[in-house]
Amino acid sequence: MAEKTIPILPCRTIQPVLDFYTALGFEVTFQQKSPNPYAAVQRGGIQLQFFGMKHYEPAESFSTCYVVTDDVDALHEAFRARLKAAYGRIPTRGLPRIGPLKDTSYGMRQFLMTDPGGNCIRIGQQTSDDQRHRPAPEETFSRALHHASLLADSKEDLAGAAKIIDRVLRLPDERPTPVQLLRLLVLRADVAGRLDDEGTATSALAKAAAVHLTSAERESVRDDLERLEELRG
């Protein structure tokens, strides 16, 4: 037996969604304009289908699906390059947008991409046989980073993520390690940018750039340093 799952996702109008996916290198394999708007796209083993809804609000969408790949870094790089070519920049806020690569607490390395219809496409590669959510860390700053990351990226609760980071960085009697501080500041800058809070974003980026790391520490936060340079650019 062989099975295949194809997500069918909503959007207000079909064409902007098709333009987005063709920019990413997808092929439109089917399109119907009447009686009901409907279309399908495919890139390699990724197949997605869409239906139009006149009164649908993309900014309030909760629709999502998960795409599993065996090379998430290469796919992330390819999608970013194609989006930059299509839009003149890499869209990281609003609709559409693409997020950074991150290692999750459930054994996946992934990024999130949201199309013009508000559909969040989660794309990841398995990094562990244990796919269960790990418990949140007990240590203060690791725990804050864990929860802030979940709020910012999985739940789109940017204000909640900002509140967690601001609170933990103001603790009077505890200090994060340089690695923890760098990661918290980069996430804070990312969240601030997505909230159009340019003052806080600029301040957090400057503080992050000033954190001194050893060579080993820099290697351990390679994704965060790449995100730092992207946000500063």
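What you see below is based on every heavy atom in this structure, not just the backbone, and it leaves out hydrogens, waters and symmetry mates.
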Q: When hydrophobic residues are tied together by side-chain contacts of less than 4.5 Å, even through go-betweens, does Ile121 share a cluster with Phe26?
A: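 Per the 4.5 Å side-chain linkage, Ile121 and Phe26 are co-clustered.
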Q: So which heavy atom on Pro58 is nearest to which on Leu95, and how close?
A: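 Nearest heavy atoms, Pro58 then Leu95: CB-CD1, 3.7 Å.
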Q: Where do Gln110 and Thr104 land on the side-chain hydrogen bond (donor to acceptor under 3.5 Å, both in side chains) test, with the steps shown first?
A: CA-CA 7 Å; Gln110 70 175 27; Thr104 73; 5.3 Å; no
Q: Check whether Phe111 and Val67 end up in the same hydrophobic cluster, where Ile, Leu, Val, Met, Phe, Trp and Tyr are linked by side-chain heavy atoms less than 4.5 Å apart.
A: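 As far as the 4.5 Å side-chain criterion goes, Val67 and Phe111 are connected within one cluster.
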Q: Going from OG1 on Thr69 to NE2 on His76, what distance comes out if it is rounded to the nearest 0.5 angstrom?
A: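 One gets 12.5 Å once the value is rounded to the nearest 0.5 Å.
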Q: Report yes or no: do Tyr66 and Phe79 belong to one cluster of Ile/Leu/Val/Met/Phe/Trp/Tyr joined by side chain heavy-atom distances under 4.5 Å?
A: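 In one cluster with Tyr66: Phe79, no.
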Q: Please report the C-alpha distance between Val68 and Ile123 in whole Å, then the side-chain angles of each, then the deciding distance to 0.1 Å, and finally whether the side chain to side chain contact (heavy atoms under 4.5 Å, CB included) criterion is met.
A: CA-CA 6 Å; Val68 179; Ile123 303 173; over 6 Å; no
Q: Are side-chain N/O atoms of Thr92 and Arg194 paired as donor and acceptor at under 3.5 Å?
A: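 Looking only at side-chain atoms, Arg194 and Thr92 do not form any donor-acceptor pair under 3.5 Å.
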Q: Please tell me if the side chains of Leu184 and Val168 come closer than 4.5 Å, counting only heavy atoms from C-beta onward.
A: yes
Q: Is there side-chain contact between Asp71 and Leu75, with heavy atoms separated by less than 4.5 Å?
A: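 When only atoms from C-beta onward are counted, Leu75 and Asp71 do not touch, as no gap falls below 4.5 Å.
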Q: For residues Cys11 and Ile14, report the shortest heavy-atom separation together with the two atoms involved.
A: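 In this case the closest contact between Cys11 and Ile14 is SG-CD1, 3.7 Å.
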Q: Residues two or more places apart in sequence or in another chain: which of them pass ring pair (Phe, Tyr, Trp, His ring centres under 6.0 Å) with His146?
A: none
Q: Taking all atoms of both residues into account, what is the closest heavy-atom pair of Leu213 and Val179, and its distance?
A: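 Result for this residue pair: CD2-N, 3.9 Å.
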Q: Can you pull the side-chain hydrogen bond (donor to acceptor under 3.5 Å, both in side chains) pairs that have at least one residue in residues 77-89, sequence neighbours excluded?
A: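 Of all non-adjacent pairs touching residues 77-89, those that pass side-chain hydrogen bond (donor to acceptor under 3.5 Å, both in side chains) are Arg80-Glu230.
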Q: What's the shortest heavy-atom distance between Met53 and Pro10, and which atoms?
A: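 Looking at all heavy atoms of both residues, the shortest contact is SD-CB, 4.0 Å.
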Q: Could you give all pairs that pass the side-chain hydrogen bond (donor to acceptor under 3.5 Å, both in side chains) test and reach residues 183-192, with sequence neighbours left out?
A: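 Matches after skipping sequence neighbours: Asp166-Arg188, Arg183-Asp224, Asp190-Arg227.
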Q: Hydrophobic clustering (ILVMFWY, side-chain heavy atoms < 4.5 Å, transitive) - are Leu18 and Ile98 grouped together?
A: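 Per the 4.5 Å side-chain linkage, Ile98 and Leu18 are co-clustered.
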Q: With side-chain hydrogen bond (donor to acceptor under 3.5 Å, both in side chains) as the criterion, how do Thr64 and Arg122 come out once you've worked through the C-alpha distance, each side chain's angles and the decisive distance to 0.1 Å?
A: CA-CA 7 Å; Thr64 187; Arg122 302 165 185 266; 3.1 Å; yes
Q: For a 4.5 angstrom cut-off between non-hydrogen side-chain atoms, does Gln47 reach Lys4?
A: yes
Q: At what distance, to the nearest 0.5 angstrom, does CG of Leu185 lie from CG of Leu169?
A: 6.0 Å
Q: Distance check, rounded to the nearest 0.5 Å: His147 atom NE2 versus Lys163 atom NZ?
A: 14.0 Å
Q: Of all the heavy-atom pairs spanning Ile165 and Ala148, show the shortest one and how long it is.
A: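 Looks like CG1-CB, 3.8 Å.
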Q: Sequence neighbours left out, what passes salt bridge (charged side-chain N to carboxylate O under 4.0 Å, His left out) with Asp115? Give chain and number order.
A: none
Q: What I want to find out is whether Glu226 reaches Lys102 closely enough, with some N-O distance under 4.0 Å, to be called a salt bridge.
A: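 Looking at Glu226 and Lys102, the cut-off is not met.
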Q: Could you check if a side-chain atom of Leu225 sits within less than 4.5 angstrom of a side-chain atom of Arg218, using non-hydrogen atoms only?
A: yes
Q: For a quick test of your reading: what N or O donor-acceptor pairs under 3.5 Å do the side chains of residues 37-46 make, sequence neighbours left out?
A:
{"unit_1": "Tyr38", "atom_1": "OH", "unit_2": "Gln49", "atom_2": "OE1", "d": "2.6"}
{"unit_1": "Gln42", "atom_1": "NE2", "unit_2": "Gly44", "atom_2": "O", "d": "3.0"}
{"unit_1": "Arg43", "atom_1": "NE", "unit_2": "Leu24", "atom_2": "O", "d": "3.3"}

Q: Walk me through it: do Thr13 and Tyr56 pass the test side chain to side chain contact (heavy atoms under 4.5 Å, CB included)?
A: CA-CA 9 Å; Thr13 53; Tyr56 185 74; over 6 Å; no
Q: How would you list, by chain and number, every residue that makes a salt bridge (charged side-chain N to carboxylate O under 4.0 Å, His left out) with Asp157, sequence neighbours excluded?
A: none
Q: Please enumerate all residues that pass side-chain hydrogen bond (donor to acceptor under 3.5 Å, both in side chains) together with Ser63, with sequence neighbours excluded.
A: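 Only Ser61, Asn119 meet the side-chain hydrogen bond (donor to acceptor under 3.5 Å, both in side chains) criterion with Ser63.
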Q: Applying ring pair (Phe, Tyr, Trp, His ring centres under 6.0 Å), name anything that partners Phe50, two or more places apart in sequence or on another chain.
A: Tyr21
Q: Can you list everything that forms a ring pair (Phe, Tyr, Trp, His ring centres under 6.0 Å) with Phe141? Sequence neighbours excluded, please.
A: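 Phe141 satisfies ring pair (Phe, Tyr, Trp, His ring centres under 6.0 Å) with no residue once adjacent residues are dropped.
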Q: Is Ile8 close to Phe51 at the side-chain level, that is, under 4.5 Å between some pair of heavy atoms?
A: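 Yes; the side chains approach each other to less than 4.5 Å.
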Q: Specify the closest pair of heavy atoms between Ala192 and Ala201, including all atoms of both residues, with the distance to one decimal.
A: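 For Ala192 versus Ala201, the nearest heavy atoms are CB-N, 3.6 Å.
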Q: Pairing donors with acceptors under 3.5 angstrom, does anything connect the side chains of Gln180 and Ser142?
A: yes
Q: Transitive ILVMFWY cluster of Phe62 at side-chain heavy atoms under 4.5 Å: who else is in it?
A: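 When side chains under 4.5 Å apart are linked, Phe62 ends up in no cluster with other residues.
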Q: Got a second to check how far Thr202's OG1 is from Arg232's CZ, nearest 0.5 Å?
A: 11.0 Å
Q: Indicate whether any N or O donor in one side chain lies under 3.5 Å from an N or O acceptor in the other, for Asp19 and Gln15.
A: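 Result is yes, a qualifying pair exists.
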Q: Taking only residues at least two apart or on different chains, which pairs with a member in residues 57-67 satisfy salt bridge (Lys or Arg N to Asp or Glu O under 4.0 Å)?
A: Arg12-Glu57
Q: Sorted by first residue and then second, give each salt bridge (Lys or Arg N to Asp or Glu O under 4.0 Å) pair with at least one member in residues 197-212; sequence neighbours left out.
A: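 As it turns out, the salt bridge (Lys or Arg N to Asp or Glu O under 4.0 Å) pairs with a partner in residues 197-212, which skip direct neighbours, are Arg93-Glu198.
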Q: With rounding to the nearest 0.5 angstrom, report the OG to CG distance, Ser220 to Leu182.
A: 8.5 Å
Q: Drop me the distance from Leu231's CG to Glu229's CD, to the nearest 0.5 angstrom.
A: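 Answer rounded to 0.5 Å: 9.5 Å.
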Q: Are Leu145 and Leu158 joined in one hydrophobic group, where the rule is that I, L, V, M, F, W and Y side chains link up if heavy atoms are under 4.5 Å apart?
A: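 Same cluster: Leu145 reaches Leu158 through Ile, Leu, Val, Met, Phe, Trp or Tyr contacts under 4.5 Å.
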Q: Taking atom CG as the centre, does Asp70 end up with more than 12 heavy-atom neighbours from other residues, nucleotides or ligands that are less than 6.0 angstrom away?
A: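 No, CG of Asp70 has 12 or fewer neighbouring heavy atoms, counting only those of other groups under 6.0 Å.
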Q: Please determine whether side chain to side chain contact (heavy atoms under 4.5 Å, CB included) holds for the pair Asp223 and Arg109, giving the CA-CA distance in whole Å, both sets of side-chain angles, and the decisive distance to 0.1 Å.
A: CA-CA 11 Å; Asp223 289 340; Arg109 178 169 171 78; 2.5 Å; yes
